[in-house]
Amino acid sequence: MKQTIRDLQPAGRTIFLRVDFNVPITQGTVTDDSRVVAALPTIGELSRAGARVLCASHLGRPQGSRRPDLSMEPVAAVLGHLLGHRVLFIPECHGPQVAKGVATMGDGEVALLENLRFAPGEEKNDPDFARQLAAPASIYVNDAFGTAHRAHASTAAITRFLSPAVAGLLLEREVTSLSRLLGPVDRPYIVVLGGAKISGKIDLMESLMERVDAILVGGAMSHTLLRARGIEIGRSRVEEDRVDMARHILERARTRGVDLVLPVDHLVAPAVDSDTVEATSGVAIPAGLMAGDVGPRTVDLFSRRIQEAATILWNGPMGIFENPRFASGTRCIGAAIAASPGFSVVGGGDSAAAVRQFHLGDGFSHISTGGGASLEYLAGRSLPGLAALAEKDT
Ligand code: ADP
Ligand code: MG
């Protein structure tokens with residue numbers, strides 16, 4: 001990340017600031033403002049420096065047409081509240097209304113544009129649309145790490161029309177922290193993986209195998225690996241069509257000398273909402289039962305490995321942590337990572353939510369705000385949003 005907002009002289013300039021305000025909204029109320037909070041340092045810094053800050057984001061998947069329930073307007077109110085001053089909401093993301101709104105802004109003022117994905121050009125990375133987005137501004141800042149893996153008009157094409165085009169403080173921090181995991185790290189380097197599916201994380205696993213000492217796997221994705229080892233998994237969530245892939249991963253870990261550690265017991269129940277939850281005596285899951293969490297012996301086993309680690313990456317909950325019956329594995333493993341004095345990073349939307357839910361944030365070196373983006377970055381892929389900035393640097 002060569003150029004950041006620290007290299008700007010933004011006083012009196014209008015800045016197009018791409019943020020990730022893709023927040024959960026229920027009946028007009030923002031239920032989790034952490035993505036807005038994460039963008040405050042950049043917005044505050046630009047505003048204090050006297051820039052006119054035009055924030056823009058997508059929200060949900062309106063697929064190119066206007067959806068009142070996906071308006072950014074409630075987010076403008078939240079942002080204004082957090083900043084402690086007025087934020088102008090402009091109910092369009094391009095065109096004359098934006099120009100009119102910008103004309104009313106003074107130095108240091110902040111505005112929020114309407115949902116970028118109301119316009120079909122956004123996800124198409126349409127250069128004409130990107131030119132219209134760029135029109136009211138003279139500087140481009142990208143602070144939307146969560147969208148950096150998408151080549152969209154506001155993350156990629158727009159950099160052709162604005163110079164300078166630089167990174168915000170959040171984007172910079174994400175890249176600095178995550179890139180540490182791609183270079184030489186202190187060892188042992190241990191990865192804790194979990195979550196719903198193995199399918200979205202195959203590339204990540206393949207890439208991590210080249211770098212890490214051990215991979216501890218919990219969550220539903222461990223069921224597919226257990227099945228590949230021929231172990232009974234009862235009615236637990238599994239991806240039948242990925243069992244071959246799982247077998248390949250087990251084989252690969254063996255040849256690479258990477259320790260792939262699977263659960264040795266589970267918390268099981270007849271159904272996800274059943275109150276008769278019990279721990280299995282071994283690795284097999286009895287017929288008719290489903291695993292909703294890792295068991296206590298697995299927590300001990302994983303915690304010991306985590307205590308020895310100097311570098312830890314965590315992605316994916318150990319169980320259905322949203323359900324209190326199955327939260328303990330994720331909470332205990334999260335706490336073990338948080339207690340580690342080593343360099344610890346959590347990536348993935350649900351894992352980061354778990355860290356917040358269990359108040360473990362202070363124990364982590366970095367909590368990535370990018371779900372898919374952090375996984376793609378850690379799999380060694382080039383992210384279009386970062387590439388678009390890098391092209392401007394050279
Ligand atoms: P992240 O967003 O951190 O990358 P994922 O999206 O891959 O994580 O997975 C999170 C989801 O996995 C959670 O909703 C959780 O309930 C689910 N999950 C974890 N373990 C299990 C399990 N044993 N059975 C069913 N679902 C599970
Ligand atoms: Mg998720």
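Owing to the predicted nature of the structure, the values given are computational and were not obtained by experimental measurement. Atoms within a ligand are numbered from 1 in the order they appear, just like the ligands themselves.
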Heavy atom under 4.0 Å from ligand 1: found in [X]'s side chain, backbone, both, or neither?
X: Ser236; answer: neither
X: Lys201; answer: side chain
X: Lys197; answer: neither

Should Met105 and Val110 count as side-chain neighbours, where that means a heavy-atom distance under 4.5 Å? no
Quick check on Gly319 - does any of its heavy atoms sit under 4.0 Å from an atom of ligand 1? yes
Tell me, which protein residue and heavy-atom name are nearest [atom], and how many Å apart are they?
atom: atom 23 (N) of ligand 1; value: Ala291 O, 3.2 Å
atom: atom 8 (O) of ligand 1; value: Pro317 CD, 3.5 Å
atom: atom 16 (O) of ligand 1; value: Glu322 OE1, 2.8 Å
atom: atom 12 (O) of ligand 1; value: Ala196 N, 3.1 Å

Please determine if [X] has a nitrogen or oxygen closer than 3.5 Å to a nitrogen or oxygen of ligand 1.
X: Met318; answer: no
X: Ser351; answer: yes
X: Ala220; answer: yes
X: Leu375; answer: no

Close-contact set for ligand 1 against Arg237 heavy atoms, below 4.0 Å: 25 (C)
Please could you name the atoms of ligand 1 that His223 approaches to less than 4.0 Å, counting only its heavy atoms? 23 (N)
Got a salt bridge between [X] and [Y], using NZ or NE/NH1/NH2 to carboxylate O under 4.0 Å?
X: Arg86; Y: Glu109; value: yes
X: Arg252; Y: Glu210; value: yes
X: Arg381; Y: Glu376; value: yes
X: Arg187; Y: Asp213; value: yes
X: Arg18; Y: Glu122; value: yes

Winner among Asp293, Ile320, Leu193 once heavy atoms are compared against atom 25 (C) of ligand 1: Ile320
Ranking Asn315, Asp350, Ile198 by closest non-hydrogen atom to atom 4 (O) of ligand 1, top hit is Asn315
Quick one: which of Ile215, Val192, Leu216 gives a side-chain contact (heavy atoms from CB on, under 4.5 Å) with Val261? Leu216
For residues Asn22 and Gly60, report the shortest heavy-atom separation together with the two atoms involved. OD1-N, 2.9 Å
Residue pair Val36 / Phe21: nearest heavy atoms and the distance that separates them: CA-CE2, 3.7 Å
Could you pull out the atom name of the N/O/S atom in Asp350 that is nearest the Mg ion (ligand 2)? OD2
Working for side chain to side chain contact (heavy atoms under 4.5 Å, CB included), residues Met318 and Phe302: CA-CA 11 Å; Met318 296 291 98; Phe302 285 12; 4.0 Å; yes
Other residues, nucleotides and ligands only: do more than 12 of their heavy atoms fall within 6.0 Å of CG on Asp7? yes
